[in-house]
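All figures in this text were calculated on a predicted structure; none of them were measured in a lab. Every chain is numbered from 1 and lettered A, B, ... according to where its sequence line falls, protein lines coming before strand lines.
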Amino acid sequence: MSITVTLVRSDTLREVVADGTTGLDLFGEDRTIVACRVNGEIKDLHLPLPDGATVEPVLIGSPDGLNILRHSCAHVAAQAVQNLHEEAKLGIGPPITDGFYYDFMLDEPFTPEALKALEKQMQRIIKEKQSFRRRVVTDEEARVELADEPFKLELITDKGSANAEDGSSMEVGAGDLTIYENVRRNGERAWEDLCRGPHVPHTGYIPAFALTRSSAAYWRGDQKNQQLQRLYGTAWPSRDELKDYQTRMAEAAKRDHRKLGSELDLFSFPDEIGSGLPVFHPKGALIKMQMENYSRQRHLEAGYSFVSTPHITKGHLFETSKHLDWYADGMYPPMRVDEERDEDGTVVKPGVDYYLKPMNCPMHNLIFSSRGRSYRELPLRLFEFGSVYRYEKSGVVHGLTRARGFTQDDAHIYCTREQMKDELTRLLTFVLDLLKDYGLDDFYLELSTRDPEKSVGDDATWEEATRTLAEVAHASGLELVDDPGGAAFYGPKISVQAKDAIGRTWQLSTIQLDFFEPGLFNLEYTAADGSRQQPVMIHRALFGSIERFFGVLLEHYAGAFPVWLAPVQVVGIPVAGEFTGYLDEVAEKLRARGVRVEVDSSDDRMQKKIRNAQKQKVPYMLIAGGDDRAAGAVSFRYRDGEQKNGVPIDEAIEEIVEAIARKVQV
RNA sequence: GCCACCUUAGCUCAGUAGGUAGAGCGACGCUCUCGUAAAGCGUAGGUCACCGGUUCGAUUCCGGUAGGUGGCUCCA
């Protein structure tokens, strides 16, 4: 008996092989082939191939191959956990970006020492080269075999409804229910798990891995469920790639905005003020001011009107806007003022509750409705750097990117339904152009649609709003990702996701359509025919929060801001003290051109001054000694260490001024 | 909010198996006046996060609080 298979390689060829031939027979020599695609479906290498099959190897470094590697590594981790803790119950263990996790119900916490012990155990399992064997089972058989695994039993029961989002699809997918056994070379079964597969042929196919951290995780991602312990790991096709990954993580840690913030003396979070409430030091505040100033200028050019509103308000405003219905948990509790009590403590005059505002829109609405509005005024674009306060849960506060007090570059655009689409198109262009000026240029869009359980309004209106946003997003030509159920309660939104210098994505701008708040606030304008009409409202913030955007830029540039944003643009460094006066003169000329320049007149040696300026990531060092003074020149030292000696003063000034004006990175 | 871990000088970190602490950098002072990433010497600086408990004695052990880190859930 023989069968014919078509091997998809660099050169496609048909081969006649014996019946019963497996992927391992074809590819077993090559450890970089972890599975095969049989007629388009990924299968384990140990399975016999059907006659006439088209067989394509799955390489360990391919996206599918990496997932298989990492998911197999998750199994090894789970076996290690159960080897050391018989009582541990299995949750799920899918591959994720760069690695995998596995959830367990286990009383004993995964401490850093425990991770080390587990890694050792995993190495032992890998050394044993245990085969992964696939076995099809009925629901009943699976229930019997996994009687001790309550979470797996739940997955068996729910397999029809298993969705990809909670990772359970890795355990039970569509089709047959399967168990993967780990079998030692002497044939003895080491471990097994309910799993859809596929897997690498044996544990020896895992070349490099590390356990990275542990955490708590709710079963199936739901806060109402039991909390499990999650073990995170990473796995790579080679030791070098693992090392590269670890280096990348270390590099990312070096540009952490919280670390750079204190190293560069930009901002801090004094305990005395409270969690998530930053103060900006002079250099940080200067960068922030530059960011704001340029944004203001662009908003003026784009036809925005500037407004300004208070930080606190009577609670009634947020009753009108429904925020107190929906997001009271996210607000600081009220301040009760003007309440009077008698000696017994009985209230004789009720007080009024004031709230710190978590959003600016209700106040902007009041400006809109402060007088009658004509259709001729629309679109009316009200802009404000509005400070808001949100009582973020203690565990989520994170540097500048998730603070409790921050300032939004917030605007609300009131327009007619007819104007809506053009306005959104214009707005999206404006957003992307502005972000580019700050040095971000790699974007994609996300469209967040309605969550029926957390929203107000009727289906038809939601549908229209969602469709309009989708059309505008498509027209931009950018990649569009769906985010079902991610909308705000009052309307759908587009958010702009930007990639930074090391490839991480950040959600920045949001553009939200709102058909409901205008109704809640009875906003109206007089149309051309004299009728009263309700405007459509667009909420938009480009930076999101200035503080957060600051943090993103700080990490994007690793602290080395482009000249126009750098708090100190030029440091003058005399070769010796006697040249300080000469540099002071140069600095004076630069200052006259608006350049932020300092001359380092400390009694450090020149080398130390260079080191200091370098560590502060100052874009230009101007060094001057006898040669320069004699020639009426200065010597440049750039951040990359390059130098340019003997540049005439006027030329040097022009170079710097031009780099600032062009907003370039140097 | 939940789980784990952490908090010692301005910063980075040692240390004390319970007897109130040390380095480097930084700051300040003096000497040096120097050509592309750290000159030399000296001085000051700490209720060992805070509050309780155990103890003759707590920075160290226990409990609580605050702040932080990594995740989870959340993010108008």
**Student:** A/D222 CG to B/G1 C1': how many Å, rounded?
**Tutor:**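 Nearest whole value for this atom pair: 14 Å.
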**Student:** Rounding to a whole Å, what distance do you find between A/R611:CZ and B/U36:P?
**Tutor:**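 So the two atoms are 16 Å apart, to the nearest Å.
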**Student:** Rounding to a whole Å, what distance do you find between A/D603:CG and B/A27:C1'?
**Tutor:**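 Going from CG in A/D603 over to C1' in B/A27 covers 13 Å.
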**Student:** Which is true for A/K224 with a 4.0 Å heavy-atom rule: it touches a base, it touches only sugar-phosphate, or it touches nothing?
**Tutor:**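 Since no nucleic acid heavy atom lies under 4.0 Å of A/K224, the category is nothing.
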**Student:** Return the pairing partner of B/G57 with a 3.5 Å limit on both distances, Watson-Crick or G-U wobble; otherwise return none.
**Tutor:**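 When the pairing criteria are applied, nothing turns out to pair with B/G57, so the answer is none.
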**Student:** Could a donor-acceptor pair under 3.5 angstrom be found where the side chain of A/Q643 meets the base of B/U36?
**Tutor:**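 By the distance-only test, yes, there is a pair.
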**Student:** Looking at A/Y391, I'd like to know if the NZ or CZ of A/R404 sits under 6.0 Å from its six-membered ring centre while staying within 45 degrees of the ring's axis.
**Tutor:**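 A/R404 over A/Y391 ring: yes.
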**Student:** Using atom P of each nucleotide, how far apart are B/U43 and B/G57 to the nearest Å?
**Tutor:**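 Going atom to atom, P in each nucleotide, I get 36 Å.
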**Student:** Select base, sugar-phosphate, or nothing to describe what A/R637 touches, counting heavy atoms under 4.0 Å on all strands.
**Tutor:**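 Contact class for A/R637: base.
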**Student:** Salt-bridged, A/R637 to A/E642, with N to O below 4.0 Å?
**Tutor:**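 Here A/R637 does not pair with A/E642 in a salt bridge, since their nearest N and O are not under 4.0 Å apart.
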**Student:** Touch check for A/Q229, heavy atoms < 4.0 angstrom, all strands: base, sugar-phosphate only, or nothing?
**Tutor:**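 The residue A/Q229 makes no contact with any strand.
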**Student:** Does any nucleotide pair with B/C28 by Watson-Crick or G-U wobble geometry, both distances under 3.5 Å, and what is it?
**Tutor:**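 Because both required distances fall under 3.5 Å, B/C28 counts as paired with B/G42.
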**Student:** Using a cut-off of 4.0 Å on non-hydrogen atoms, how would the nucleic acid contact of A/A216 be classed: base, sugar-phosphate, or nothing?
**Tutor:**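 The residue A/A216 makes base contact.
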**Student:** Any strand is fair game: report the nucleotide pairing with B/C13 by Watson-Crick or G-U wobble, both distances under 3.5 Å, or none.
**Tutor:**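 B/C13 is paired, partner B/G22.
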**Student:** When you measure only distances, ignoring hydrogens and angles, does the side chain of A/R213 come within 3.5 Å of the base of B/C5 through a donor and an acceptor?
**Tutor:**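 Donor-acceptor pair under 3.5 Å: no.
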**Student:** Expressed as a whole number of Å, how far does the C1' atom of B/U20 sit from that of B/C48?
**Tutor:**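 Result for the C1' pair: 9 Å, nearest Å.
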**Student:** Compare the minimum distances between each of B/G71, B/C34, B/C75 and the side chain of A/E392, then state the nucleotide with the smallest one.
**Tutor:**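 The nucleotide sitting nearest to the side chain is B/C75.
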**Student:** Look at all strands and tell whether A/D329 reaches a base, only sugar-phosphate, or nothing, counting heavy atoms closer than 4.0 Å.
**Tutor:**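 Contact class for A/D329: none.
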**Student:** Nearest 0.5 angstrom please: A/Q497 CD to A/D483 CG, how far?
**Tutor:**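 That separation rounds to 8.5 Å.
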**Student:** Give a yes or no on whether a donor-acceptor pair under 3.5 Å exists between the nucleobase atoms of B/C75, that is its base, and the side chain of A/R402.
**Tutor:**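 Yes, the side chain and the base share a sub-3.5 Å donor-acceptor pair.
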**Student:** Any donor-acceptor pair under 3.5 Å between the side chain of A/Y218 and the base of B/G1?
**Tutor:**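 Per atom types, the contact qualifies.
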**Student:** How would you label the contact of A/N645 with the nucleic acid (heavy atoms, under 4.0 Å): base, sugar-phosphate, or nothing?
**Tutor:**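 Base contact - A/N645 has a heavy atom under 4.0 Å of at least one base atom.
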**Student:** With sugar-phosphate meaning primed atoms plus P, OP1 and OP2, does A/S275 contact a base, only sugar-phosphate, or nothing at under 4.0 Å between heavy atoms?
**Tutor:**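 Sugar-phosphate only.
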**Student:** With a 3.5 angstrom cut-off on both distances, give the Watson-Crick or G-U wobble partner of B/U36, or none if there isn't one.
**Tutor:**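 Across all strands, not a single nucleotide pairs with B/U36.
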**Student:** Would you tell me if any nitrogen or oxygen in the side chain of A/S215 comes within less than 4.0 Å of OP1 or OP2 on B/C3?
**Tutor:**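 A/S215 to B/C3 OP1/OP2: no side-chain N or O under 4.0 Å.
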**Student:** Regarding B/G35, can its base be found pairing with the side chain of A/D628 as donor and acceptor, where the two atoms are less than 3.5 Å apart?
**Tutor:**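 Present.
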**Student:** Look at the side chain of A/S394 and decide which nucleotide, out of B/C3, B/G71, B/G1, has an atom nearest to it.
**Tutor:**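 Closest nucleotide to the A/S394 side chain: B/G1.
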**Student:** Between B/C50 and B/U7, how far apart are the P atoms? Round to whole Å, please.
**Tutor:**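 My reading of the P atoms in B/U7 and B/C50 gives 13 Å.
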**Student:** Suppose you measure atom C1' in B/G46 against the same atom in B/G53; what distance do you get, rounded to whole Å?
**Tutor:**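 Approximately 25 Å lies between the C1' atom of B/G46 and that of B/G53.
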**Student:** Write down the distance separating the P atoms in B/C32 and B/U47, rounded off to the nearest Å.
**Tutor:**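 Their P atoms lie roughly 37 Å apart.
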**Student:** Does the A/E547 side chain pair with the main chain of A/A403, one donor and one acceptor, at a distance under 3.5 Å?
**Tutor:**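 No; zero donor-acceptor contacts below 3.5 Å.
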**Student:** Tell me if a side-chain donor or acceptor on A/K609 pairs with a main-chain N or O of A/S602 at a distance below 3.5 Å.
**Tutor:**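 Side chain of A/K609 to backbone of A/S602: a pair is present.
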**Student:** Which is true for A/S321 with a 4.0 Å heavy-atom rule: it touches a base, it touches only sugar-phosphate, or it touches nothing?
**Tutor:**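 Nothing: the residue A/S321, judged by heavy atoms under 4.0 Å, touches no strand.
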**Student:** Rounded to whole angstrom units, what separation is found between the CG atom of A/D451 and the P atom of B/C74?
**Tutor:**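 Answer to the nearest Å: 11 Å.
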**Student:** When you measure from the side-chain N and O atoms of A/K608 to the phosphate of B/G26, is any distance below 4.0 Å, counting only OP1 and OP2?
**Tutor:**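 Yes, within the criterion.
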**Student:** Write down the distance between CD (A/Q223) and P (B/C3), rounded to a whole number of angstrom.
**Tutor:**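 About 12 Å, once rounded to whole Å.
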**Student:** Using atom CG of A/D265 as one end and atom C1' of B/G10 as the other, report the distance to the nearest whole Å.
**Tutor:**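 Rounded to whole Å, this separation is 10 Å.
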**Student:** Looking at every strand, decide which applies to A/F269 at a 4.0 Å heavy-atom threshold: base, sugar-phosphate, or nothing.
**Tutor:**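 Here A/F269 touches no strand at all.
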**Student:** Rounding to an integer number of angstrom, what distance separates B/C25 and B/G40 when you compare their P atoms?
**Tutor:**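 Approximately 8 Å lies between the P atom of B/C25 and that of B/G40.
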**Student:** Could you state the OH-C1' distance from A/Y332 to B/A76, rounded to the nearest angstrom?
**Tutor:**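 Rounded to whole Å, this separation is 16 Å.
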**Student:** If you look at every strand shown and take non-hydrogen atoms under 4.0 Å, does A/G274 touch a base, only sugar-phosphate, or nothing?
**Tutor:**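 Touches nothing.
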**Student:** So, the side chain of A/S369 versus the backbone of A/L523: is there a donor-acceptor pair under 3.5 Å, distance only?
**Tutor:**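 Answer holds: no.
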**Student:** Sort out the partner of B/C5 for me: Watson-Crick or G-U wobble, both distances under 3.5 Å, none otherwise.
**Tutor:**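 Looking at the geometry, B/C5 pairs with B/G68.
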**Student:** Under a 3.5 Å distance rule, please check whether A/T212 uses its side chain to pair with a backbone N or O of A/Y232 as donor and acceptor.
**Tutor:**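 Judged by distance alone, yes, a pair lies under 3.5 Å.
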**Student:** Test for a donor-acceptor pair under 3.5 Å between the base of B/G70 and the side chain of A/S214, counting only N and O atoms.
**Tutor:**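 Looking at the base of B/G70, it does not pair with any donor or acceptor on the side chain of A/S214 (distance under 3.5 Å).
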**Student:** Tell me whether the side-chain N or O atoms of A/K609 pair up with the base of B/U36 as donor and acceptor below 3.5 Å, since no angle test is needed here.
**Tutor:**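 Result: no qualifying N/O pair found.
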**Student:** Using atom C1' of each nucleotide, how far apart are B/A14 and B/A76 to the nearest Å?
**Tutor:**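 It comes out at 47 Å once rounded to the nearest Å.
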**Student:** Look only at the side chain of A/E119 and the backbone of A/L211, and say whether a donor-acceptor pair between them is shorter than 3.5 Å.
**Tutor:**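 Yes; judged by distance alone, with no hydrogens or angles, the pair exists.
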**Student:** Closer than 4.0 Å, any side-chain N/O of A/H398 to the OP1 or OP2 of B/G70?
**Tutor:**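 It does, given that an N or O in the side chain of A/H398 lies less than 4.0 Å from OP1 or OP2 of B/G70.
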**Student:** Would you please confirm or rule out a distance under 4.0 Å between OP1 or OP2 of B/A76 and any side-chain N or O of A/K493?
**Tutor:**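 Looking at the OP1 and OP2 atoms of B/A76, one of them is under 4.0 Å from a side-chain N or O of A/K493.
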**Student:** Quick one: does any side-chain atom of A/R381 pair with a main-chain N or O of A/I413 as donor and acceptor, under 3.5 Å?
**Tutor:**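 Answer holds: no.
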**Student:** Between B/A76 atom P and A/Y490 atom OH, what is the distance in whole Å?
**Tutor:**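 Rounded to whole Å, this separation is 8 Å.
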**Student:** What interatomic distance, in whole Å, is found between C1' of B/A58 and the corresponding atom of B/G15?
**Tutor:**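 Rounded to whole Å, the distance is 16 Å.
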**Student:** Strictly below 4.0 Å, N to O, side chains only: are A/K259 and A/E263 in salt-bridge contact?
**Tutor:**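 The answer is yes: the pair qualifies as a salt bridge.
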**Student:** With a non-hydrogen cut-off below 4.0 angstrom, is A/P109 in contact with a base, only sugar-phosphate, or nothing?
**Tutor:**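 If one applies the 4.0 Å heavy-atom cut-off, A/P109 turns out to touch the sugar-phosphate alone, with no base involved.
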**Student:** Which is more 5' along RNA chain B, the nucleotide nearest A/Q607 or the one nearest A/E578? Just name the residue.
**Tutor:**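 Its nearest nucleotide being more 5', the pick is A/E578.
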**Student:** Between A/R258 and A/Y389, name the one whose nearest nucleotide on RNA chain B is closer to the 5' end.
**Tutor:**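 Its nearest nucleotide being more 5', the pick is A/R258.
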